[in-house]
**Q** 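Here you go, one structure.
A, B, ... follow the sequence lines: proteins, then strands. Residue 1 opens every chain.
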Amino acid sequence: MAVKDIASGAAEDNIRKERIKGIVFQVFCVIAALFGIVSLGALLIYVIYEAAGWLDLEFITNTPSRFAEKAGVRPPLLGSAFVIGLVALFSLPLGVGSAIYLEEYSKQSFFRRFIEINIANLAGVPSIVYGLLGLGLFVSTFGMPHGIVLVGAFTLTLRVLPIVIVSSQEAIKAVPDLQRHASLGLGTTRWQMIRTVVLPEAVPGILTGTIIALANAMGETAPLIMIGAATTMFTSPHGLFSSFSAMPLQIYAWSDFPQSEFQHGVTPAAIVVLLIIILSMNGIAVYFRNKFYQKKRQK
Amino acid sequence: MELDLHKQFRVDIKEHLVKFVFFSFAFLSVITTVGIVVVLITDSAIFFSEVSFFEFFTGTRWSPTIRPEEFGVLPLISGTLTFTLVTSLIAIPTGLLAAIFLSEYANERVRSVLKPALEVLAGIPTVVYGYFALVYITPMLKSFIPQLSTFNVLSASIVVGIMIIPTIASISEDAMRAVPNTLRHAAFGLGVTKFQVTTSVVVPSALSGIVSSFILGISRVIGETMAVTIAGGNMSRMVNWLKPGETLFEPVQTMTAAMVEIGVSDVTGDSVAYRSLFAVGLTLFAMTMVLNMVSAYIKRKYREKY
Amino acid sequence: MKKILAIALIAVIVPFAVFAGGEQEEAGEQLSGSIKIAGSSTVYPVTVAMAEEFSKLHPQVEIPVQSTGSGGGFKNFFIPGKTSINDASRPIKDSELEAARANGIEPLEFQVGIDAVTIVVHKDFPADTITIDQLAHIWRPDDPAQKWSDVDPSWPDIEIELYGPTSASGTFDFFTEEVVGEGGASRSDYQGTEQDNTIVQAVSGSKGASGYFGMAYYLENKDKVKALKVNGVMPSIETAKAGEYVLSRPLFIYVAKKELIRPELREFVRFYLERTDGEIVKQVGYVPMTTADVEDYLAKFDEAVADVQ
C-alpha cells in the first residue's frame, strides 16, 4: 500500500470490500448448514400434517387393506420388530466378539490389518449388494425359501455387522489400559479380565453403535426386496420361517398407490410411525453415548 | 498341587476356546467379503456366457423384460453417473460450506445443536426420502417447471443430496478441526481476514480429509437405491448431457433401480434376466469398492502431519 | 451393567413373545400355513381382496401375493413349484402346460372374472375415442407413430410417451395379439412395469402420456386419468359383460392340483371361487362371473379335491 493509496482512501475501500466478502461468505456457510435441516424440517412437518387424521390406534392394529380407511400397519410393524430383534440377537455377539478379538487378543500384524481393512470395505458396500448376497447365498445356494424372517434377519445382520464391530472396537479401545493391567496383575485370566473389567466399561459405547446400526436396519428396503420379502402381507409372521413384510417395504408398496387417500393419508401415517421408531432408537443411542462420555469424564 | 495343575489345564483350554471363538467371529467378515465376491462372480460368469462382455459393456439399450431383450449396461451407468453428478452438485458445496461453518464460525453451543440435527438428516430411511421426492417435491417443482416429468432426476437428486450432506459435512469438519490453531493464529497475525484464513490456510491443510469425504459421499450416492427407484422412474435411457433440460427433467434408471426392478419380479428365476442382476451388481460393487479404496488412500497418504 | 443387559434382553425377547402370544388369541379355526401366489398384475387386486377377506376368518394363514405378470408368474414361480396359485389374465400356453406337467404340476384352470383392457391418457387429452387401427399405429414394432398428430392430424403435435406392461404380462400378450395382430409384437421404446399404479402415476402427470392396463386400475383412479373409448365403446362392466367392448377378456387363476391336499389351500380356493359372482370382483373393477358358471367351477373344484384325497 503506497502512502498515496492510503491517503486516497483506497485502503479503507479494500478493507470494506474484504469485510463484505467475509460476511457474505459467512452467510452462505450458515445457509448451507441450515439448508438440509430446514428442508427436511419442512418435509417432516408436511408429512406429519397429512398423517394427522389417519394415525390412530386402529392404524397400528389393523392389517393393510385396499380400503384406505381400514388400512393399518400391524403385520409390517411386527415383521420389522421381529426381524430387527433377530438382527440384534445375531449381531451383538458376533460383532462384540469380533471386536474383542481384534482389540484384546490379536497383535498388530498384517493379518489384523487385513481383517480391519476388510471390515472397513464391507461398511462401504451398498446395501443392495447385501441383498444379492442374501439371495445368492441363502436362497439359491442353501435353498432356503425366499422372503422368510430368518433369511431377512441373516441378510440384515451381515449388513449391520461392520458397523457394530467398528463401534464396539472404539468402545473397547477407550477402556484405559491401567484397568486391564490392574486386573491381570491380580491374577485374572485374559477372558476374566475382558468379562469383568473391559466389557462393563465398554457397554454404553457398544450399545450406542449397535442401536444406531439397528435403527438404520429398520429403514433398509433394498436388501429385503432382493431376498423376496413380500411388500404387502395381511398376516404377521409367527415364526422364523414365516413370510414377512416390513415397514419400509409397505411404505414402498403404498408409495405406488396414486389414490389421494393413500398418497396423502395412509402412506404419510406409515412414514410417521416408522420415523417415530427410528428417531426414538437414535434418541436412546444418544442417551447411552452421553452416559459413556460421563463415565469417561469421571476417570 | 496336582489339583491345581488340572484346574490350570482346564482354564487354559477355556481361554484358548474363547480366543478361538472370537477369532472365528472376526474371520466371518472375511468370509462375508469372499461370499459377496463369489456370489457376484459365479452368477455373472453364467450370464456372460449367455450375453457377451462386449454387448454388456458397450450396448446402449437395457431391456431385460421388454422384447427384444437387450442387456447393454451403458444406459444404466449413464443413469447412475447423471444422478450422482447432480446429487453431488447439490451435496458437496452445501456439505463443505456447512462444515466450514461448524468448524470455523460456530460457537460450542451452536455446534452442539447443529451437529446432532445434521445427523438426523442421515438417519431418515431412503424409502421415505423417495416418497418425499415423488409426492411433495415433484409437484412443487412442477408448478414452476411445467415440462417436468412425474418421474425425474431432479427431485430424486435433491432429496438424496440432503441425505448425503451430513456425510460430507461431518468428515470435512473433523478434518478442518484437526488443523491446529497455531496455523490460524499465524495467519491472523499477518493481518489476514477470516475468510482468507479459512480458504487459504484451513481448507488446503485439511484437503485430504475433505476430498476423501467427497469421494465417500459420491460412493454412497452411487449405491443409493430406494429414493431413485421411487422418484426416478423405470425408464432406462442414454442420458444426453448436452441437453440439461432433458437430463434433469426426464425419468432415469440407475444401476440400483434396474436391480430392484428385476428383483421385484424375478426373484427365483433361472433366466438371463435374473442373472443380469448379478452382472449389474458386480459392476456396482466394483465401482463403489474402487471409490472407497481411493478415498481411504487419499486420506492416509496426503494427510498433513502437524 | 447387568441392568442394561437385562433391558437389552427384554427388548429382544418381547417381539418373540408378542408373536407367540398375540396371534394365537384370534385363531378361531386352527387353519394355518402359507399359500404363496404370484402372477398377473391385472388379477392381483382381486386375489389380494380375497386374501384380505379370508385372513379375517383365518388369521393364521399367510397369503403373500406378488404381482409379476402372468408369464413371469408361470415361468418363475408356478412351474418351479414355488407358488400354489398363479394369477393369469390370459389362458395358460401349451408350452407352459407341458413344462408344468413335466415338473409334476397339474394346473387347474378357474375363471374368476372378465376384464376390459383400458387405454388411458392424460385428463386433458382432447380426443375421446380411438380405433384399434390407430392403437396399432401407436404400438406396432415397425415404424410406430412418434407424435399424436401422426395418428390423427387433429390431435396435439406432441411426442407420445408410452407406459405399459412388460413381456412377462398376460395383458401384454392379450393386447399385442388383439391390437397389433401378433402376440408379443410391440414397439420397445416404452416404459414397462408390472406395477400398474406406476402407469397411473406417470400418465396422470404428463400431457402426451398414454398406457394400458386392466379396468380395475382405471376405475380406481378415474379422477386422475382419462379412459379412451375404443371403436366408440367406453370400457365398463356392462359393455364388457355384453361383449360390446372389443378389448374384453377372461381372467383366471391356476391352482396346482396336488397342493389341494392342504386344507388351508382348499378352503381358500373354495372361498375364492364362491365369491367370484359377487361384490368383491365388481368392487375391484371387473365383471363378476354368473352364478351358473360359479357352480360349474365349484363342481370342477370338488372333483379335483376328491381326486387328490
**Q** Between A/L122, A/T141, A/I15, which shows the greatest number of heavy-atom pairs under 4.5 Å with chain B?
**A**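 The answer is A/L122.
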
**Q** Let me know if B/N292 has heavy atoms under 4.5 Å from chain A in its side chain, its backbone, both or neither.
**A** side chain

**Q** Under 6.0 Å between ring centres: does that hold for A/F257 and A/F262?
**A** yes

**Q** Less than 4.5 Å to any heavy atom of chain B: does that hold for the side chain of A/I278, its backbone, both, or neither?
**A** side chain

**Q** How long is the straight-line distance from CD1 of A/I194 back to CD1 of A/I172, given to the nearest 0.5 Å?
**A** 7.5 Å

**Q** Which atoms of B/I222 come close to chain A, meaning under 4.5 Å heavy atom to heavy atom: side chain ones, backbone ones, both, or neither?
**A**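 Neither part, no heavy atoms under 4.5 Å.
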
**Q** Against chain A, label B/I165 side chain, backbone, both or neither, depending on which of its atoms sit under 4.5 Å from a heavy atom there.
**A**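 The side chain, not the backbone.
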
**Q** Which region of B/T33, side chain (C-beta onward) or backbone (N, CA, C, O), has a non-hydrogen atom less than 4.5 Å from a non-hydrogen atom of chain A, or is it both or neither?
**A**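 For B/T33, the contact with chain A is made by backbone and side chain together.
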
**Q** Select one option (side chain, backbone, both, neither) describing which atoms of B/F23 are under 4.5 Å from chain A's heavy atoms.
**A** both

**Q** Heavy-atom distance under 4.5 Å to chain B: side chain of A/F25, backbone, both or neither?
**A**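 Answer is side chain: those atoms of A/F25 sit under 4.5 Å from chain B.
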
**Q** Where does B/L97 contact chain A at under 4.5 Å (heavy atoms): side chain, backbone, both or neither?
**A**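 Both backbone and side chain of B/L97 come within 4.5 Å of chain A.
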
**Q** Do B/K194 and B/E104 sit within salt-bridge range, that is, some charged N less than 4.0 Å from a carboxylate O?
**A** no

**Q** Please classify the contact between B/I36 and chain A as side chain, backbone, both or neither, with a heavy-atom cut-off of under 4.5 Å.
**A** both

**Q** Under 4.5 Å from any heavy atom of chain A, what part of B/M293 do you find: side chain, backbone, both or neither?
**A** side chain

**Q** Contact part of B/A169 toward chain A, heavy-atom cut-off under 4.5 Å: side chain, backbone, both or neither?
**A**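 Looking at B/A169, nothing touches chain A.
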
**Q** Is B/T256 in contact with chain A via its backbone, its side chain, both, or neither, using a 4.5 Å heavy-atom distance?
**A**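 Both backbone and side chain.
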
**Q** Under 4.5 Å heavy-atom distance to chain A, tell me which part of B/T229 shows up: side chain, backbone, both or neither.
**A** side chain

**Q** Given a strict heavy-atom distance threshold of 4.5 Å, which part of B/L40 is in contact with chain A: side chain, backbone, both, or neither?
**A**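 Only the side chain of B/L40 comes within 4.5 Å of chain A.
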
**Q** Do A/M281 and A/M218 come within less than 4.5 Å of each other through their side chains, counting heavy atoms only?
**A**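 A/M281 reaches A/M218 side chain to side chain.
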
**Q** Measuring heavy-atom distances to chain A, does B/M226 have an atom under 4.5 Å in its side chain, in its backbone, in both, or in neither?
**A**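 Side chain only.
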
